[in-house]
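Here is the structure we will look at.
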Protein chains: 2
Amino acid sequence: MEGKTYHHGDLRSALLTTATEMISESGVDSVTIRALAKRIGVSRTAPYRHFEDKGALLTAVAIEGYERLTTTMANVRQDQTLDPFERLSKMGEAYVLFAVENATHYRLMVENSSVQSRSTPAFREAALNARQELIDMIKEGQEKGFVIDAPAQEIGNMLWSMTHGLATLLINGQLRVKNVEETAKFMTATMGNGLLK
Amino acid sequence: MEGKTYHHGDLRSALLTTATEMISESGVDSVTIRALAKRIGVSRTAPYRHFEDKGALLTAVAIEGYERLTTTMANVRQDQTLDPFERLSKMGEAYVLFAVENATHYRLMVENSSVQSRSTPAFREAALNARQELIDMIKEGQEKGFVIDAPAQEIGNMLWSMTHGLATLLINGQLRVKNVEETAKFMTATMGNGLLK
DNA sequence: ACCTGAACACCGTTCAAGT
DNA sequence: ACCTGAACACCGTTCAAGT
């Protein structure tokens, strides 16, 4: 019962867990169907029983990432001890920190190259759920009179662009910064007050 | 003299040109040393005479991209018919448009995954030159009393993050927008006036 | 159902050999 | 100098065959 060669239906989750491990250890490129299978102790082609191809497997890993991100953002949004703009700022920080702390995983989530199966409804939904947290936060800020009355969707795009941009620049080493949290704080504060004198 | 099998020293530039073509036709992943050599009509290993490895070749292509981007940005900065903040906004637009119009090339420039040789001094310099255009623009805006007096470097990081973020979201299809130029304009304008009521 | 090995058509890269 | 083919150690994926 122990020295079994079969993965009774838990192969799928073993694949996801191990792929995530490999991603954080040495990047997406190190995840190879063959190496993955070997590490789990299964034949090279076994993974194809659970995922149509490598892209589908990586997409599933990316979806898990978005689910964690959504949870992180939702926790900030629901913190009723802070006013709406403080929470909006904190959400930005939390986003950037998530990305930096899960750099390789985040890269998989947002980069197109490695994953074709991107247009999957499940993937799109996972990504949209995260963004919805931001939109809801902005709407609350507007309802309570903190935030200007431009369309929440467009404001959301702006904040998303800024935090996402900062995150990717940091992750790819194109921007070096003493303190990530401070930098994110500076950005959201300046965003609040404006750049013009 | 014509039916030659030798590429008398123009192989290097042929490689760069053809690689750029392949990138814009079908993405970075389609650029394979073997396919590249075949398309030029040269043996599989010939490219190694000019580039240490595939990463070095792609890095050279990325550097060319940054040079074009720098030129684009410099042209906007030097347009003396507009006030500093107008030029700053226009530079943001120009940046995003460059990225969208050269999507696959831009991806190569900013994504880490495909290229290891990233830490090359030449590459870092090319990337820094582009960013310097932005910093210089901000400093001029401050000197002429348009822009708040925070460190130009940090303001630069913010604007860079926002435009870069918008660009990558658009390129990767995570954000769909009616009009890219309008969207960029909205963002820089809102950035100028602030988000708070 | 789930797993297997063999096989196919690809990679990047090295290296001894050619002109 | 510059180019070549053969070879090595990898890929993703398919497929007939096993339990």
Side-chain angles (χ1 to χ4, degrees), chain A residues 1-19 22-23 25-62 104 108 111-118 120, chain B residues 1-19 22-23 25-62 104 108 111-118 120:
Chain A
M1 203 172 175
E2 284 308 313
K4 62 186 185 298
T5 40
Y6 268 42
H7 268 272
H8 317 270
D10 67 347
L11 214 206
R12 191 191 144 90
S13 59
L15 286 165
L16 292 179
T17 306
T18 309
M22 292 173 75
I23 285 167
E25 282 168 18
S26 32
V28 186
D29 287 352
S30 75
V31 179
T32 203
I33 292 283
R34 293 159 109 108
L36 189 53
K38 192 172 196 176
R39 183 139 153 183
I40 297 176
V42 111
S43 88
R44 295 207 271 281
T45 57
Y48 289 93
R49 288 287 131 195
H50 300 275
F51 296 98
E52 197 184 347
D53 54 24
K54 191 183 171 182
L57 194 156
L58 290 179
T59 299
V61 175
T104 45
L108 172 64
E111 284 184 5
N112 207 312
S113 39
S114 29
V115 187
Q116 258 73 5
S117 329
R118 264 298 147 73
T120 296
Chain B
M1 203 170 175
E2 283 308 311
K4 64 190 185 295
T5 40
Y6 269 42
H7 268 272
H8 317 271
D10 67 345
L11 215 206
R12 190 192 144 90
S13 59
L15 286 165
L16 292 178
T17 307
T18 309
M22 291 173 75
I23 285 167
E25 281 168 18
S26 34
V28 187
D29 287 352
S30 76
V31 180
T32 204
I33 291 284
R34 292 160 108 107
L36 189 52
K38 191 172 196 175
R39 183 139 153 184
I40 296 175
V42 112
S43 89
R44 294 206 272 283
T45 57
Y48 289 94
R49 287 288 131 196
H50 300 275
F51 296 98
E52 198 185 345
D53 54 23
K54 191 183 174 184
L57 194 157
L58 291 179
T59 300
V61 175
T104 44
L108 172 64
E111 283 185 3
N112 206 313
S113 39
S114 28
V115 187
Q116 258 73 5
S117 328
R118 264 298 147 72
T120 295

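Chain letters run A, B, ... following the sequence lines, proteins first and then strands; every chain starts at 1. It should be emphasised that the depicted structure is a prediction, and the values quoted were computed from it without experimental measurement.
Of the two residues contacting DNA chain D, namely A/Arg49 and A/Arg44, the nearest-nucleotide position lying further toward the 5' end is that of A/Arg44.
The main-chain N or O of B/Leu36 is never found under 3.5 Å from a side-chain atom of B/Thr18 such that the two would form a donor-acceptor pair.
A/Met22 has its CE atom 13 Å from the C1' atom of D/dC11, to the nearest Å. Taking atom CG on B/Asp53 and atom C1' on D/dC10, their separation rounds to 16 Å, with Å as the unit. Distance CG (A/Leu36) to C1' (D/dC11): 14 Å, rounded to an integer number of Å. Between A/Leu57 atom CG and D/dT13 atom P there is a gap of 10 Å when expressed in whole angstrom units. Rounded to an integer number of Å, the gap from CG of B/Asp10 to P of D/dA1 is 19 Å. A straight line from NZ of B/Lys38 to P of C/dG12 spans 13 Å, rounded to a whole angstrom. If you take CG of B/Asp29 and C1' of C/dC10, they are 14 Å apart, rounded to a whole angstrom. Across the protein-nucleic acid pair, B/Lys54 atom NZ and C/dT14 atom C1' stand 17 Å apart, rounded to whole Å.
Within 4.0 Å (heavy atoms only), B/Thr32 reaches sugar-phosphate atoms of the nucleic acid but no base atom.
Under 3.5 Å, the side chain of A/Arg34 and the base of D/dG12 form at least one donor-acceptor pair of N or O atoms.
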Strand DNA chain C as a dot-bracket string - pairs counted if Watson-Crick or G-U with both distances under 3.5 Å, | where the partner lies in another strand
||.|||||...|||||.||
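Taking both residues in full, the closest heavy atoms of A/Val31 and A/Ala19 are given as CG2-O, 3.9 Å, listed atom of the first, atom of the second, then distance. Of all heavy-atom pairs spanning B/Val28 and B/Thr104, the tightest one is CG2-O, 4.0 Å. Closest non-hydrogen pair, A/Phe51 versus A/Leu57, comes out as CD2-CA, 3.7 Å. Residues B/Met22 and B/Thr32 share a closest heavy-atom pair of CE-N, 4.4 Å.
Not one side-chain nitrogen or oxygen of B/His50 sits closer than 4.0 Å to the OP1 or OP2 atom of D/dA1.
Comparing atom distances between the B/Thr45 side chain and each of C/dT14, D/dT14, D/dC3 picks out C/dT14 as nearest. Which of C/dT4, D/dT4, C/dT13 sits closest to the side chain of B/Tyr48 comes down to C/dT13.
Within 6.0 Å of atom CD in A/Glu52, 12 or fewer heavy atoms from other residues, nucleotides or ligands are found, so the atom counts as exposed in its surroundings.
Atom OG1 in A/Thr59 sits 11.5 Å away from atom NZ in A/Lys54 (nearest 0.5 Å).
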